[in-house]
Amino acid sequence: QVQLVESGGGSAQARGSLTLSCAASGLADSVYYYRMGWFRQAPGKEREGVAGIYTGGGGTYYVDSVKGRFTIYYDTAKSTLYLQMNSLKSEDTGMYYCATRSVKLHQRDWSRGVREEDFQYWGQGTQVTVSS
């Protein structure tokens, strides 16, 4: 059973930085590829895909609003997904979730963006609050 546990959320000032972590267990990442992503949900808004990465290569994806400020990466040895967030803005405030699902080699592309329906397992979320 795949389990995801996020951490690293908290409060930050605008233009500050935070790094979110998502510890994954139950992944067979020596056998399968995984699509991994970060989503966020601001108060009163729908959840949106922020960034994505594939284990074993396949590139990364960022929504336009975070390009150049956020970096997603995955540490295979630790089975942990990270989201480095720099130059934070008040509009980055929200609950952040990590998600994953196993994929086949030919499914490793980001032409559809980071969409909820393309993920199977979800963490419980970690809150990020950015004050201006």
Side-chain angles (χ1 to χ4, degrees):
Q1 180 71 14
V2 175
Q3 292 188 325
L4 303 173
V5 179
E6 301 97 334
S7 62
S11 298
Q13 295 287 323
R15 295 179 297 280
S17 298
L18 283 173
T19 298
L20 305 183
S21 301
C22 172
S25 59
L27 297 184
D29 51 9
S30 63
V31 178
Y32 301 109
Y33 298 108
Y34 286 86
R35 176 185 297 132
M36 309 199 77
W38 285 100
F39 292 76
R40 68 184 177 192
Q41 186 166 23
K45 295 187 177 181
E46 294 185 352
R47 189 156 58 182
E48 67 166 341
V50 174
I53 191 169
Y54 287 102
T55 63
T60 56
Y61 173 90
Y62 299 94
V63 69
D64 286 346
S65 60
V66 308
K67 283 181 180 177
R69 300 189 299 120
F70 290 11
T71 302
I72 186 172
Y73 57 102
Y74 179 71
D75 187 328
T76 303
K78 298 181 178 179
S79 295
T80 301
L81 179 70
Y82 298 91
L83 186 67
Q84 172 69 44
M85 305 185 295
N86 298 325
S87 302
L88 285 165
K89 303 176 180 180
S90 57
E91 52 263 44
D92 295 322
T93 293
M95 184 70 78
Y96 282 70
Y97 302 87
C98 64
T100 190
R101 78 170 302 153
S102 61
V103 297
K104 297 180 180 178
L105 180 60
H106 71 277
Q107 295 175 310
R108 297 188 306 165
D109 77 88
W110 294 114
S111 59
R112 292 154 53 97
V114 179
R115 308 194 316 170
E116 290 190 50
E117 54 264 46
D118 294 333
F119 292 82
Q120 181 177 6
Y121 301 99
W122 293 82
Q124 293 299 307
T126 185
Q127 177 68 36
V128 172
T129 303
V130 183
S131 56
S132 57

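One is the number of the first residue; the rest follow in order along the sequence. Quick caveat: nothing in here was measured; it's all calculated off a predicted structure.
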Trainee: Identify which one of Leu20, Ile72, Thr19 satisfies the side-chain contact (heavy atoms from CB on, under 4.5 Å) criterion when paired with Gln84.
Mentor: Thr19
Trainee: With the side chain counted from C-beta on, respond yes when Val50 and Tyr62 share a heavy-atom pair under 4.5 Å apart, and no when they do not.
Mentor: no
Trainee: Distance check, rounded to the nearest 0.5 Å: Tyr54 atom OH versus Trp110 atom CH2?
Mentor: 4.5 Å
Trainee: What pairs with Asp75 under side-chain contact (heavy atoms from CB on, under 4.5 Å), at least two apart in sequence or on another chain?
Mentor: Ala77, Lys78, Tyr82
Trainee: Hey, are the side chains of Tyr97 and Glu6 touching, using non-hydrogen atoms and a 4.5 Å cut-off?
Mentor: yes
Trainee: What's the spacing between Leu4 CG and Cys98 SG if we round to 0.5 Å?
Mentor: 4.5 Å
Trainee: Between Leu88 and Trp38, is there a shared hydrophobic cluster once you connect ILVMFWY residues whose side-chain heavy atoms come closer than 4.5 Å?
Mentor: yes
Trainee: Indicate yes or no: at least one non-hydrogen side-chain atom of Leu18 is less than 4.5 angstrom from one of Val128.
Mentor: yes
Trainee: In the hydrophobic cluster built from side-chain contacts under 4.5 Å, what are the other members alongside Val5?
Mentor: none
Trainee: Tell me, with the steps shown, if Lys89 and Asp92 meet salt bridge (Lys or Arg N to Asp or Glu O under 4.0 Å).
Mentor: CA-CA 5 Å; Lys89 303 176 180 180; Asp92 295 322; over 6 Å; no
Trainee: Students often mix this up, so state it plainly: with edges at 30° and 60°, are the rings of Phe39 and Phe119 parallel, tilted or perpendicular?
Mentor: perpendicular
Trainee: Could you tell me the separation between the CH2 atom of Trp122 and the CD atom of Gln120, rounded to the nearest 0.5 Å?
Mentor: 11.5 Å
Trainee: How long is the span from the CD atom in Gln124 to the CE atom in Met95, to the nearest 0.5 Å?
Mentor: 9.5 Å
Trainee: State the OG1-CE distance between Thr100 and Met36, to the nearest 0.5 angstrom.
Mentor: 4.0 Å
Trainee: Step through the shown structure and confirm whether more than 12 heavy atoms of other residues, nucleotides or ligands are within 6.0 Å of OH on Tyr32.
Mentor: no
Trainee: Does Thr55 use its side chain to pair, donor to acceptor, with the backbone of Tyr34 at less than 3.5 Å?
Mentor: yes
Trainee: Could you measure the distance from the CZ atom of Arg15 to the CD atom of Gln13? Nearest 0.5 Å is fine.
Mentor: 8.5 Å
Trainee: Which atoms form the tightest heavy-atom contact between Ala14 and Ser132, and what is the distance?
Mentor: CB-CA, 4.0 Å
Trainee: Passes side-chain contact (heavy atoms from CB on, under 4.5 Å), Arg47 versus Glu116? Steps please.
Mentor: CA-CA 8 Å; Arg47 189 156 58 182; Glu116 290 190 50; 3.1 Å; yes
Trainee: Considering all heavy atoms of both residues, which atom of Asp109 and which atom of His106 are nearest to each other, and what is their separation?
Mentor: OD2-O, 4.4 Å
Trainee: If you measure from the Lys or Arg side-chain nitrogens to the Asp or Glu carboxylate oxygens, is any gap between Asp118 and Arg101 under 4.0 Å?
Mentor: no
Trainee: With a 4.5 Å limit on heavy-atom distance, are the side chains of Thr93 and Gln127 in contact?
Mentor: yes
